[in-house]
Asker: 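After the structure tokens below, expect a handful of questions from me.
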Amino acid sequence: MPELPEVETVRVGLARLLPGRVISEVSHDWPKSFPNVQADVDTFLLKASVTDVRRRAKVLFIDLSSKYSLVIHLKMTGQLVFDSANEHFGAGHPNQSLIGQLPDKSTRVILEFEDGSTLFFNDQRKFGWVKLLPTVEIPNIDFMRKVGPEPLLADFTWQVMRDRLQRRKNTSIKAALLDQTVIAGVGNIYADESLWGAKIHPATLVRSVSDAKIKLLHRALVDVLALAIEKGGSSNHTYVNAEGKKGSYMNFANVFRRDGQTCPRCGTTIIKLKVAGRGTHICPKDQTL
DNA sequence: CACTTGACCTGTCCGC
DNA sequence: TGCGGACAGGTCAAGT
């Protein structure tokens, strides 16, 4: 599911909700969802309090007073939902959130806090994971050493984007955008949306994309990521924020999952194809090879 | 080395 | 309705 805007939305929510809370109990049902824990739970989780919640690309870090951090990847269907206490609204409550309905059959990890609140890690497809690492080790892990620049930071200029993309000059522009070592946080939705914005066919080889087009793509990508954060992310299926609520960016999407509908720019029917092994949505008039 | 293709899982949707 | 296959926001290990 979650790409940069969704993970950032979860981070903002958790950063407001978690700091200061003390972990009192940890449980997990699916070993791969919490692979490297074992005896470390007692030592580095229990009695530890949350000090900070950070994000890099699509990965979240929950820092603890024990000098360890929970490192979390939501992959396709992961959710982190916080339940403040014993406020069990039930399914029909008008807040339309998951709070009060958890845990359910896709709950993989539960963190309970001393004040009675709970953080649920839900993951229908079991691709996501939670790992426990010493906070100081995080900068040294493979992912952090290899991941590309954050596209919403001021130093991510169009020239930086051009130079990063050149690392994959013989592949399609879409595959390059999806490569986390090229640019951090872009996934299938925002790759399609930004390529539509710049009028670039997703299968275009990186080496044949002009500087002028890269400049347009840079603008489109930054704009679409910022808009998606403003809308609380995209909820196609399972994505919800830390309060269990859906994001509304899909109402503003131009092409993603809109095959059969018309291009907002020119009225041509949007089509779906496969590029870089992924479902890909384009306007066939605006985006040509 | 650069690049592409399965595999990891569960659930849903679509055609027969 | 039932059943098979394709597909779903992401990444790896393995293949070419």
Side-chain angles (χ1 to χ4, degrees), chain A residues 1-11 28-35 55-60 71-80 104-109 121-131 141-148 164-195 202-207 221 224-225 228-229 231-241 246-260 271-281:
Chain A
M1 83 147 249
E3 306 179 30
L4 186 155
E6 291 75 32
V7 179
E8 177 61 15
T9 302
V10 172
R11 188 200 66 77
H28 60 107
D29 74 335
W30 184 251
K32 289 182 179 178
S33 297
F34 207 166
R55 177 190 64 77
R56 182 76 167 93
K58 302 172 189 172
V59 177
L60 284 166
V71 184
I72 303 170
H73 201 308
L74 303 174
K75 292 289 180 82
M76 301 282 265
T77 56
Q79 307 171 323
L80 281 169
D104 64 18
K105 65 178 173 179
S106 62
T107 300
R108 309 298 169 206
V109 181
F121 175 64
N122 263 32
D123 186 16
Q124 180 180 96
R125 292 176 70 180
K126 300 179 174 175
F127 292 167
W129 41 255
V130 179
K131 295 176 185 175
I141 63 179
D142 250 24
F143 164 78
M144 291 295 274
R145 296 160 63 96
K146 292 178 180 169
V147 69
R164 301 296 297 185
L165 288 170
Q166 287 311 309
R167 298 155 62 101
R168 300 290 306 274
K169 58 186 160 74
N170 291 316
T171 193
S172 67
I173 185 73
K174 175 152 179 175
L177 284 174
L178 294 175
D179 184 338
Q180 299 300 293
T181 68
V182 173
I183 300 164
V186 182
N188 209 30
I189 299 175
Y190 304 107
D192 280 9
E193 290 293 303
S194 59
L195 288 165
T204 311
L205 295 183
V206 171
R207 64 172 135 79
L221 178 63
V224 77
L225 292 174
I229 289 174
K231 301 301 175 187
S234 297
S235 294
N236 271 320
H237 298 295
T238 55
Y239 169 73
V240 293
N241 67 16
K246 294 173 180 293
S248 69
Y249 176 79
M250 285 309 290
N251 297 327
F252 301 84
N254 291 297
V255 287
F256 190 79
R257 292 221 171 169
R258 291 194 183 275
D259 40 311
I271 60 168
K272 183 177 180 182
L273 49 155
K274 188 162 280 200
V275 178
R278 310 295 300 278
T280 298
H281 312 77

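Residue numbers start from 1 in every chain, and the chains themselves are labelled A, B, ... in the order their sequence lines are given, proteins ahead of strands.
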Asker: How is Phe256(A) classified with respect to the nucleic acid when contacts are heavy atoms under 4.0 Å: base, sugar-phosphate, or nothing?
Answerer: sugar-phosphate

Asker: So for Arg125(A) and dA8(C), does any side-chain atom that can act as donor or acceptor lie under 3.5 Å from a complementary atom in the base?
Answerer: yes

Asker: Can you tell me the base-pairing partner of dG9(C)? Count Watson-Crick or G-U wobble geometry only, both distances below 3.5 Å, and say none if there is no partner.
Answerer: none

Asker: The side chain of Phe127(A) is closest to which nucleotide in this list: dC8(B), dG9(C), dC3(B)?
Answerer: dC8(B)

Asker: Counting heavy atoms from C-beta on, name the nucleotide in dT11(C), dC9(B), dC3(B) closest to the side chain of Thr171(A).
Answerer: dC3(B)

Asker: Among dT11(C), dG10(C), dT4(B), which nucleotide has an atom closest to any side-chain atom of Asn188(A)?
Answerer: dG10(C)

Asker: Would you please confirm or rule out a distance under 4.0 Å between OP1 or OP2 of dT10(B) and any side-chain N or O of Lys105(A)?
Answerer: no

Asker: To the side chain of His73(A), which of dG10(C), dC9(B), dC7(C) is closest?
Answerer: dG10(C)

Asker: Considering only side-chain heavy atoms of Glu3(A), which listed nucleotide, dT11(C), dC9(B), dG9(C), is closest?
Answerer: dG9(C)

Asker: OP1 or OP2 of dT10(B) versus the side-chain N and O atoms of Lys126(A): is any pair under 4.0 Å?
Answerer: yes

Asker: Please confirm whether the shortest side-chain N or O distance from Arg278(A) to OP1 or OP2 of dA8(C) is below 4.0 Å.
Answerer: no

Asker: Grab the CE-C1' distance between Met76(A) and dA8(C) for me, whole Å please.
Answerer: 5 Å

Asker: Any side-chain N or O of Lys58(A) below 4.0 angstrom from OP1/OP2 of dG10(C)?
Answerer: yes

Asker: In whole angstrom, give the distance that lies between atom CD of Gln124(A) and atom P of dG9(C).
Answerer: 13 Å

Asker: Please find out if less than 6.0 Å separates the ring center of Tyr239(A) from that of Tyr249(A).
Answerer: no

Asker: Please classify the nucleic acid contact of Asn170(A) as base, sugar-phosphate, or nothing, using heavy-atom distances under 4.0 Å.
Answerer: sugar-phosphate

Asker: For a quick test of reading the model: is some side-chain N or O of Lys32(A) closer than 4.0 Å to OP1 or OP2 of dC9(B)?
Answerer: yes

Asker: If you look at every strand shown and take non-hydrogen atoms under 4.0 Å, does Ser106(A) touch a base, only sugar-phosphate, or nothing?
Answerer: nothing

Asker: Does Arg257(A) put a side-chain nitrogen or oxygen below 4.0 Å from OP1 or OP2 of dG9(C)?
Answerer: yes

Asker: Is any side-chain N or O of Lys274(A) closer than 4.0 Å to OP1 or OP2 of dC7(C)?
Answerer: yes

